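Read the numbers this way: they start at 1 and go in the same order the structure lists the ligands and their atoms. In this text, all values refer to a predicted model and were calculated from it rather than measured experimentally.
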Amino acid sequence: MSEPEQTDNIFKTGGVFANRELLRVGHVPELDRVVGRDGEVNAIGQALGPATIGGPPETTIIYGKTGTGKSLVSRCVARKAHGEAETNNVVFQHAYVDCSDYQTEAKASREMARQLATNLDADVDIPRVGIAASDYRDITWNLLEEFAVDSFVVILDEIDKLDDDELLRSLSRARESGKSETHVGAICISNKIEYRERLNERIDSSLQDNEIVFDPYDAGQLRAILENRTDAFEDSMLETDVIPKVAALSAKEHGDARKAIDTLYEAGRLAEKQGTETVTVAHVDDAVKQAEVNRFEKLVSGTTPHVKYILHALALLTADNPEQEAFRTHRIYNLYETLAEQEGSEPLSEDRVYRLLKEQSFLGVTESNHTGGGQSEGSYLEHRLLRDPKIVVEALDASGIS
Ligand SMILES: Nc1ncnc2c1ncn2[C@@H]1O[C@H](COP(=O)(O)OP(=O)(O)OP(=O)(O)O)[C@@H](O)[C@H]1O
Ligand SMILES: [Mg+2]
């Protein structure tokens with residue numbers, strides 16, 4: 001077989017994307033690209049409104065499932081508040097702290113101080129270690145005073161990851177406790193609904209009044225979000241039914257804009273790889289399927305080869321017997337034995353396989369039910385695969401052991 005030849009330009013891209021950045025994670029679009037969140041934009045705007053005229057921002061809590069625009073909308077509105085404050089001759093500052101990156105009080109407080117110093121262009125030494133969280137907060141209060149900041153808002157994103165509530169407490173009481181003349185407030189964001197109860201127990205009950213909930217997006221909103229980013233693609237690359245398809249699928253499954261954008265991007269990447277003229281609905285289906293395969297692969301990646309043989313056996317039985325849903329342990333065991341031997345592995349005992357199957361049902365991959373087998377047989381356990389067998393087989397193939 002001959003070696004494949006190098007192309008003239010090994011870095012050549014397929015001409016599918018004009019600006020793929022628009023579809024990448026971490027990209028924060030301008031407020032005018034934010035669609036379908038007018039109510040939420042207004043609610044956060046209302047909370048920050050007083051700060052744009054030099055008054056106290058209202059500390060607010062934002063809840064909602066993943067990918068519903070919480071981080072994006074909060075950042076965009078805070079950025080917009082800057083401009084508004086400037087026209088009012090008010091000194092407004094904000095810091096954005098992602099608590100999943102800064103999980104301790106000290107790290108989060110340091111990041112807040114660091115951002116404020118950078119935004120103010122202040123020449124201040126912020127030690128990396130060796131001082132307490134409260135010292136970082138004192139640096140912050142000093143900066144606010146030195147630069148005569150009227151209002152300061154801290155966005156604490158993924159606040160449930162933070163190990164303590166002290167930072168939030170000190171922000172909501174900075175002025176009344178005499179630490180700062182500046183009006184200080186916080187926007188707290190979480191996708192863990194349990195966090196609400198935890199917070200209510202510990203923090204000032206006045207916070208409860210300022211809750212904003214972000215609902216999952218519906219198909220129409222997802223469509224608008226995706227349509228707003230079509231300039232990520234070259235002209236007429238996207239067939240007209242592609243975006244409606246991605247929007248409909250995503251709305252049905254999760255209402256998560258991040259996943260919807262990602263699906264569109266992956267569909268484009270497939271088209272790019274295949275060198276096709278346009279991105280089609282078939283690319284979308286393939287992208288969705290590939291994402292499922294990847295997810296399943298990840299799920300089983302930590303398990304032993306024997307679990308993979310067992311799942312492979314159940315997947316093959318399911319695919320070969322479309323009229324049947326569930327299979328008895330013994331039947332799965334017979335096929336498992338063959339597959340394990342083919343791979344040069346000593347099969348486990350049937351009892352062990354039975355137990356592993358029960359364990360898989362905990363992972364949500366299979367479901368095990370007792371079924372009456374008639375008088376002569378007594379009751380026995382049947383196992384059902386809860387995933388598309390084709391995806392399971394493909395993922396197991398991809399993981400190298402099947
Ligand atoms: N209304 C919208 N208009 C345009 N893009 C949006 C909108 N909502 C979300 N997005 C995009 O979807 C992605 C996810 O949004 P975002 O990060 O704000 O979600 P989140 O609610 O903070 O999710 P998580 O809880 O997982 O942090 C981002 O890339 C964002 O740019
Ligand atoms: Mg977020």
Side-chain angles (χ1 to χ4, degrees), residues 17 19-45 47-48 60-81 94-103 108 111 153-162 168 186-196 198-199 211-233 238 243-244 246-251 253-269 287 291 295:
F17 297 104
N19 185 3
R20 69 174 76 221
E21 195 46 36
L22 293 178
L23 301 176
R24 293 324 299 136
V25 235
H27 170 75
V28 182
E30 293 296 318
L31 192 54
D32 59 8
R33 273 190 191 263
V34 174
V35 283
R37 280 295 180 238
D38 292 349
E40 291 79 0
V41 167
N42 287 336
I44 301 174
L48 298 189
T60 302
I61 304 186
I62 299 177
Y63 292 106
K65 292 210 170 126
T66 185
T68 52
K70 301 180 297 297
S71 302
L72 171 71
V73 173
S74 312
R75 296 178 86 168
C76 284
V77 175
R79 201 158 57 186
K80 183 108 177 157
H94 87 276
Y96 171 84
V97 181
D98 186 342
C99 301
S100 54
D101 293 333
Y102 305 97
Q103 300 196 351
E111 178 58 15
V153 171
V154 184
I155 302 176
L156 294 171
D157 204 349
E158 316 255 343
I159 189 173
D160 47 275
K161 302 268 165 60
L162 206 54
L168 176 57
I187 295 182
C188 311
I189 306 177
S190 176
N191 56 23
K192 305 260 178 312
I193 210 74
E194 318 88 75
Y195 184 74
R196 174 198 254 148
R198 213 187 95 192
L199 197 67
E211 237 178 56
I212 304 174
V213 177
F214 280 51
D215 290 324
Y217 289 112
D218 63 28
Q221 291 167 325
L222 288 168
R223 212 164 140 165
I225 291 170
L226 296 172
E227 259 152 20
N228 239 298
R229 300 198 190 197
T230 43
D231 41 346
F233 292 89
L238 277 186
I243 284 182
V246 175
L249 280 175
S250 304
E253 292 239 326
H254 36 65
D256 173 343
R258 186 183 294 114
K259 274 201 190 145
I261 293 170
D262 219 48
T263 302
L264 185 63
Y265 179 61
E266 290 305 328
R269 290 220 315 156
R295 263 202 304 279

Side chain, backbone, both or neither: [X] near ligand 1, heavy atoms under 4.0 Å:
X: Y217; result: side chain
X: I225; result: side chain
X: R229; result: side chain
X: V73; result: neither

**Message:** Can you check which of G69, A260, G64 brings a heavy atom nearest to atom 19 (O) of ligand 1?
**Reply:** G69
**Item:** Option set E40, R75, K70, R258, criterion heavy-atom distance to atom 14 (C) of ligand 1, minimum
**Value:** R258
For [X] and ligand 1, does the shortest N/O to N/O distance drop below 3.5 Å?
X: G36; result: no
X: R37; result: no
X: V35; result: yes
X: V34; result: no

Can you sort out which atoms of ligand 1 are near [X], meaning under 4.0 Å from one of its heavy atoms?
X: A257; result: 9 (C), 10 (N), 12 (O)
X: I261; result: 11 (C), 12 (O)
X: N191; result: 24 (P), 25 (O), 26 (O)
X: E158; result: 27 (O)

Distance, nearest 0.5 Å, that separates [atom1] of [X] from [atom2] of [Y]:
X: D160; Y: E194; atom1: CG; atom2: CD; result: 8.0 Å
X: E266; Y: L23; atom1: CD; atom2: CG; result: 10.0 Å
X: I159; Y: L168; atom1: CD1; atom2: CG; result: 4.5 Å
X: K259; Y: T66; atom1: NZ; atom2: OG1; result: 7.5 Å
X: L22; Y: F233; atom1: CG; atom2: CZ; result: 10.0 Å
X: L222; Y: I261; atom1: CG; atom2: CD1; result: 9.0 Å

**Message:** For the NZ atom on K65, are there more than 12 heavy atoms of other groups (residues, nucleotides or ligands in this structure) within a distance under 6.0 Å?
**Reply:** no
**Request:** Quick one: name the protein N/O/S atoms under 2.8 Å from the Mg ion (ligand 2), chain by chain.
**Result:** S71 OG
**Asked** Can you name the nearest heavy-atom pair linking S71 to D157, along with the distance?
**Response** OG-OD2, 2.5 Å
**Message:** Check E40 with K70, please: is the shortest side-chain N to carboxylate O separation under 4.0 Å?
**Reply:** no
**Message:** Against the six-membered ring of Y217, is R37 placed for a cation-pi contact (under 6.0 Å from the centre, within 45° of the normal)?
**Reply:** yes
**Asked** Honestly, is R24 close enough over Y265, meaning NZ or CZ under 6.0 Å from the six-membered ring centre and within 45° of the axis?
**Response** yes
**Asked** Where do Y63 and F214 land on the ring pair (Phe, Tyr, Trp, His ring centres under 6.0 Å) test, with the steps shown first?
**Response** CA-CA 6 Å; Y63 292 106; F214 280 51; over 10 Å; no
**Complete:** Between I187 and the options V154, I44, V77, I212, the side-chain contact (heavy atoms from CB on, under 4.5 Å) test singles out I44
